[in-house]
Novice: 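Have a look at this one.
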2 protein chains.
Amino acid sequence: MATAAKVEPQRVDRFEERRRELADAALVTLSELGYARTSLREIAQNSAFSHGVLHYYFRDKVDLITYCVRQYKAACVLRYDRIVATARTPEGLAQGFADGLVATLVEDARMHRLWYDLRSQALFEESFRADVLDIDATLERMIDRIVGRYGELRDRPAPAPSAMTYALFDGLFQQALLRHFAGSPTAADDLRARVLGLLDRLFPP
Amino acid sequence: MATAAKVEPQRVDRFEERRRELADAALVTLSELGYARTSLREIAQNSAFSHGVLHYYFRDKVDLITYCVRQYKAACVLRYDRIVATARTPEGLAQGFADGLVATLVEDARMHRLWYDLRSQALFEESFRADVLDIDATLERMIDRIVGRYGELRDRPAPAPSAMTYALFDGLFQQALLRHFAGSPTAADDLRARVLGLLDRLFPP
DNA sequence: AGTGGACCTTGACGACTGTCAAGGACTTCC
DNA sequence: GGAAGTCCTTGACAGTCGTCAAGGTCCACT
């Protein structure tokens, strides 16, 4: 039908747009309170709508949070691929990578504590596990692109499986995040130094 | 008084003993359900007592969980210090360390997912932060003793700040834990290989 | 024997949760 | 202009939560 072809996609777009809008609001609340203490009413209160609307756009709470996690992923990887694309020397890439992590630590601290919270939840609730593993794999590939490119610039092969490299950098970042929230003033600088140090160790002279 | 000197310590002991007993039961439930879904009634149901008794021995829920976290710490470090004490060669220490981590991964998986859960909570709730940081420091020192001893056996100085070494091994372990719960059959073997690989990189030839 | 205190259970409270049905407001189309 | 459908609000539901007070039971001591 002529009308269906015109109306349908528009409706879907508006529907999807609202979902994204609500998920954005939910992410703000979630990153503020954490998974355990975030209620649907609290999410709605930090949005322009009332609590009932959440069940109009999402099947249930798990559906909403799963959608949020997916949305979070999309915004997560963008920063670093630009660094990879623009770097011309290994030193420049290393600096850009370390600075990027530090910037993430400072600017997106709340969002990342939510990520670690949800990843911990995935250890208990199976409903989150698939999405969490998917995001984790995306982050792993991102780290792998950076480390791989760094190796290229220094004419070296990949030093270790990507899962291992990812785990190492993730460990550094997570510790820095904890220290950051604990009020340590050196958390950011320590992170930068350790990221550069780890890169050195992965590609010894 | 003669009676006070005899009765007081006994009462304190019984009181402390019950607290430990209840904390043990709480840890079982917590490691099963995670922080977000564990209620005081559920804890009591998995113990020999009713839910009201928890407020006889603990001020409130935070007091209980804080006590649990402290108790968890004590049991946490024992395994590895024995490994350090008995190892005579660097290869033996490395093997013992890697095997110990793998054993922890398999046997104490539930307990350790609780640890990561609570550490994530500490990023949100300030009431947990002090205890979590304390446990984290204890684990860091444990890793430092292992790596330091390994360096001794190979006549090398410490390769990095203990906080960095701890973060790296913790990253490896946490990834292995996620894979373990996701059902990956190679999680344990991968962890072993990566721990040994990381030790090698920390002390390059 | 009986009294005081430690220990534990029971039941209730107000608050909060996810979920959903009923219905109003508003737009779109015939 | 009225009908249909979209979008959102409101209010209620059945549970569950942490907390606490009232009151038991049991033991030790006088």
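Computation of the quantities below employed the complete heavy-atom set of this structure, encompassing side-chain atoms and omitting hydrogens, waters and symmetry-equivalent molecules. Quick caveat: nothing in here was measured; it's all calculated off a predicted structure.
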Novice: Between C:dT19, D:dT6, C:dC7, which nucleotide gets closest to the side-chain atoms of A:D60?
Specialist: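 The answer is C:dT19, which lies nearest to the side chain.
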Novice: Can you check the A:H55 NE2 to D:dC13 C1' distance for me, whole Å?
Specialist: 13 Å
Novice: Measure the distance from OH on B:Y35 to P on D:dC17 and round it to the nearest whole Å.
Specialist: 13 Å
Novice: Rounded to whole Å, how long is the line connecting atom CG of B:L40 with atom C1' of C:dG11?
Specialist: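 Rounded to whole Å, this separation is 16 Å.
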Novice: Does A:G52 or A:S39 map to a spot on DNA chain C nearer the 5' end, using the closest nucleotide for each?
Specialist: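 By nearest-heavy-atom nucleotide position, the 5'-most residue is A:S39.
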Novice: Would you indicate which nucleotide in D:dA12, D:dT19, C:dC20 comes nearest to any side-chain atom of A:R41?
Specialist: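 Nearest to the side-chain atoms of A:R41, counting from C-beta on, is D:dA12.
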Novice: Which nucleotide sits closest to the side chain of A:H51: D:dT10, C:dT9, C:dG18?
Specialist: D:dT10
Novice: If only side-chain N and O atoms count, and only distance matters, is there a donor-acceptor pair under 3.5 Å linking A:R19 with A:Q71?
Specialist: no
Novice: Starting at atom CZ of A:R59, determine the distance to atom P of C:dT19, rounded to an integer number of angstrom.
Specialist: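 Rounded to whole Å, this separation is 10 Å.
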Novice: Determine whether the side chains of B:T104 and B:Y80 contain a donor N or O and an acceptor N or O closer than 3.5 Å.
Specialist: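 Yes, side-chain donor-acceptor contact under 3.5 Å.
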Novice: Distance check needed: D:dT10 P versus A:L54 CG, whole Å only.
Specialist: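 So the CG-P distance, A:L54 to D:dT10, works out to 14 Å.
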Novice: With a 6.0 Å cut-off on the ring centroids, do A:F97 and A:F169 count as close?
Specialist: yes
Novice: Which sits closer to the 5' end of DNA chain D, A:Y56 or B:E42, going by the nucleotide each is nearest to?
Specialist: A:Y56
Novice: With ring centroids as reference points, do B:Y35 and B:F128 lie under 6.0 angstrom apart?
Specialist: yes
Novice: From CD of B:E17 over to C1' of C:dA6, roughly how many Å is that when rounded to an integer?
Specialist: 15 Å
Novice: Please pick, from D:dT19, D:dT10, D:dC7, the nucleotide with the shortest atom-to-atom distance to any side-chain atom of B:K61.
Specialist: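 The closest nucleotide is D:dT19.
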Novice: Write down the distance between CD (A:E21) and P (D:dC7), rounded to a whole number of angstrom.
Specialist: 13 Å
Novice: CZ of B:F49 versus P of C:dA6: gap in Å, rounded?
Specialist: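 Going from B:F49 (CZ) to C:dA6 (P), I get 17 Å.
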Novice: Could you walk me through whether B:E42 and B:T29 pass the side-chain hydrogen bond (donor to acceptor under 3.5 Å, both in side chains) check?
Specialist: CA-CA 7 Å; B:E42 187 76 28; B:T29 307; over 6 Å; no
Novice: If you look at every strand shown and take non-hydrogen atoms under 4.0 Å, does A:Y57 touch a base, only sugar-phosphate, or nothing?
Specialist: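 It contacts sugar-phosphate atoms only.
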